[in-house]
Amino acid sequence: MIEKKDYLKFAGQALVQSGAKIGTTLAGLPIVAVGLFFAENPKTHPFYPEVSYTHAQTYLEKGSSGTWRYEQLPDWAIMQPYRNLNYGLQGEPSGRWSAKRGGKERSFWSKWLQCAIRNPSNGFRYMDAFSCQVDNLDIEYLGDAGPLDIQPKLVPGWNFVKGMDRDTGKVYYSFQYIRGVGKTRGFKIRLGFKVEPSHIAEGDRPESRERATFTGRLGFKTIDAF
């Protein structure tokens, strides 16, 4: 049951997690830059069966380079908060990031943007202090079941989610609010762990090992953006 005290706990959790992520992200701006000089091409991927893929036709038509290769920051202790074990340095295997970068996702600048700015501190997703395993949570929520999003189509609504770990009793919160602004844009607020009402039945994506980390997003996006 979601009670009034949960909103205070959510506020405290947001302050602690936001502070940790902002501080780590700022420190990561130069750390990631150094790590890129020692980037590696692992022979296996922790989630996918292959380490290279051909981009989806949708993104080939939008200017992607054509292929994705799993490239990763070096496996050093200082790099762990910044390693994106899923996409690596070249963005999504589908070619989405490549298309956004005009096919130049392998440039030093594009890889730094991907790892330090677009998905900062992504390694938090695999660290127990900053993430949770969604398929081990008892989940309750208020509002809309969702999933709510702006892209590729607008699904407006709101929800406040509470997930309690069945083993530790630790609680993780999430708040989302999405609405349309005119015919082509949407406004989104998201604060908290990426725990969804849909996880009650489905769990998270297999490639992310059912882990969700804290995020904070506020802003406008074009509805048909890719």
Side-chain angles (χ1 to χ4, degrees), residues 2 4-32 79-87 91-92 96-97 100 112-134 137 139-152 154-165 170-181 185-199 204-205 208-223 225:
I2 296 177
K4 290 182 179 179
K5 64 181 181 181
D6 286 308
Y7 300 116
L8 290 175
K9 290 181 179 179
F10 167 59
Q13 188 174 84
L15 285 172
V16 171
Q17 291 287 334
S18 295
K21 194 157 191 177
I22 290 171
T24 303
T25 297
L26 291 174
L29 299 179
I31 291 174
V32 169
M79 294 294 168
Q80 298 312 309
Y82 311 105
R83 299 179 90 227
N84 187 325
L85 297 186
N86 193 358
Y87 299 152
E92 300 90 336
R96 182 180 181 186
W97 175 242
K100 281 180 175 288
W112 184 82
L113 287 175
Q114 159 68 15
C115 203
I117 303 297
R118 186 181 183 221
N119 289 299
S121 302
N122 193 268
F124 274 18
R125 186 172 189 167
Y126 312 101
M127 302 169 72
D128 290 340
F130 303 105
S131 66
C132 59
Q133 189 169 334
V134 297
L137 299 180
I139 297 173
E140 304 173 85
Y141 70 95
L142 299 175
D144 303 298
L148 310 173
D149 211 339
I150 294 173
Q151 301 169 336
L154 180 71
V155 183
W158 71 276
N159 57 44
F160 180 77
V161 184
K162 173 184 178 181
M164 179 179 290
D165 190 281
K170 187 173 180 179
V171 178
Y172 304 87
Y173 297 100
S174 170
F175 172 74
Q176 290 189 82
Y177 173 77
I178 293 175
R179 60 169 292 179
V181 182
R185 293 174 69 79
F187 174 72
K188 181 175 186 176
I189 298 174
R190 177 148 203 182
L191 187 64
F193 287 84
K194 294 180 180 179
V195 180
E196 302 277 359
S198 61
H199 291 150
D204 203 353
R205 296 176 300 170
S208 57
R209 292 181 177 173
E210 295 80 40
R211 299 199 72 85
T213 189
F214 185 91
T215 188
R217 297 182 180 181
L218 185 155
F220 296 88
K221 280 192 176 181
T222 303
I223 293 172

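All of these numbers come straight from a predicted model, not from anything done at the bench.
Between Phe10 and Phe175, the ring-plane angle classifies as tilted under the 30° and 60° cut-offs. Between Tyr7 and Phe160, the two ring planes are tilted [angle within 30° to 60°].
With values rounded to the nearest 0.5 angstrom, Phe214 atom CZ is found 8.0 Å from Lys21 atom NZ. The NZ atom of Lys162 sits 3.5 Å away from atom CG of Asp6, with the distance rounded to the nearest 0.5 Å. Taking OG1 of Thr213 as the start and CG of Asn119 as the end, the distance is 11.0 Å to the nearest 0.5 Å. The OG atom of Ser121 sits 14.5 Å away from atom CZ of Arg83, with the distance rounded to the nearest 0.5 Å. Tyr141 OH to Ser198 OG: the interatomic distance, rounded to the nearest 0.5 Å, is 9.5 Å. Separating the OH atom in Tyr126 from the CG atom in Leu85 is a distance of 4.5 Å, to the nearest 0.5 Å.
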Run the side chain to side chain contact (heavy atoms under 4.5 Å, CB included) test on Gln114 and Asn84 for me, step by step, so that the C-alpha distance in whole Å, both residues' side-chain angles and the decisive distance to 0.1 Å come before the verdict. CA-CA 9 Å; Gln114 159 68 15; Asn84 187 325; 3.8 Å; yes
Does Val161 form a side chain to side chain contact (heavy atoms under 4.5 Å, CB included) with Ile2? I'd like the steps, not just the answer. CA-CA 9 Å; Val161 184; Ile2 296 177; over 6 Å; no
Please report the C-alpha distance between Tyr173 and Val195 in whole Å, then the side-chain angles of each, then the deciding distance to 0.1 Å, and finally whether the side chain to side chain contact (heavy atoms under 4.5 Å, CB included) criterion is met. CA-CA 7 Å; Tyr173 297 100; Val195 180; over 6 Å; no
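The two atoms that bring Asn159 and Leu148 nearest to each other are ND2-CD1, 3.6 Å, heavy atoms only. Pairing each heavy atom of Gly216 with each of Leu191, the nearest pair is CA-CD1, 4.1 Å. The heavy-atom pair separating Ile178 from Val155 by the smallest distance is CG2-O, 3.9 Å. Residues Ala129 and Gln17 share a closest heavy-atom pair of O-NE2, 3.5 Å. Taking all atoms of both residues into account, the shortest heavy-atom contact from Pro197 to Asp144 is CG-O, 4.0 Å. Pairing each heavy atom of Val171 with each of Met164, the nearest pair is CG2-CE, 3.6 Å.
With a 4.5 Å cut-off on side-chain heavy atoms, Leu113 and Trp97 count as touching. Between Leu29 and Trp112, some side-chain heavy-atom pair lies under the 4.5 Å cut-off. Leu137 places none of its side-chain heavy atoms less than 4.5 Å from the side chain of Lys170. Looking only at side-chain heavy atoms (C-beta outward), Ser131 and Phe124 stay at 4.5 Å or farther from each other.
Checked against Gln176 for a side chain to side chain donor-acceptor pair (under 3.5 Å), the options Lys194, Glu196, Lys188 give a single hit: Glu196.
Checking side-chain atoms of Arg217 against main-chain N and O of Arg190 turns up no donor-acceptor pair under 3.5 Å.
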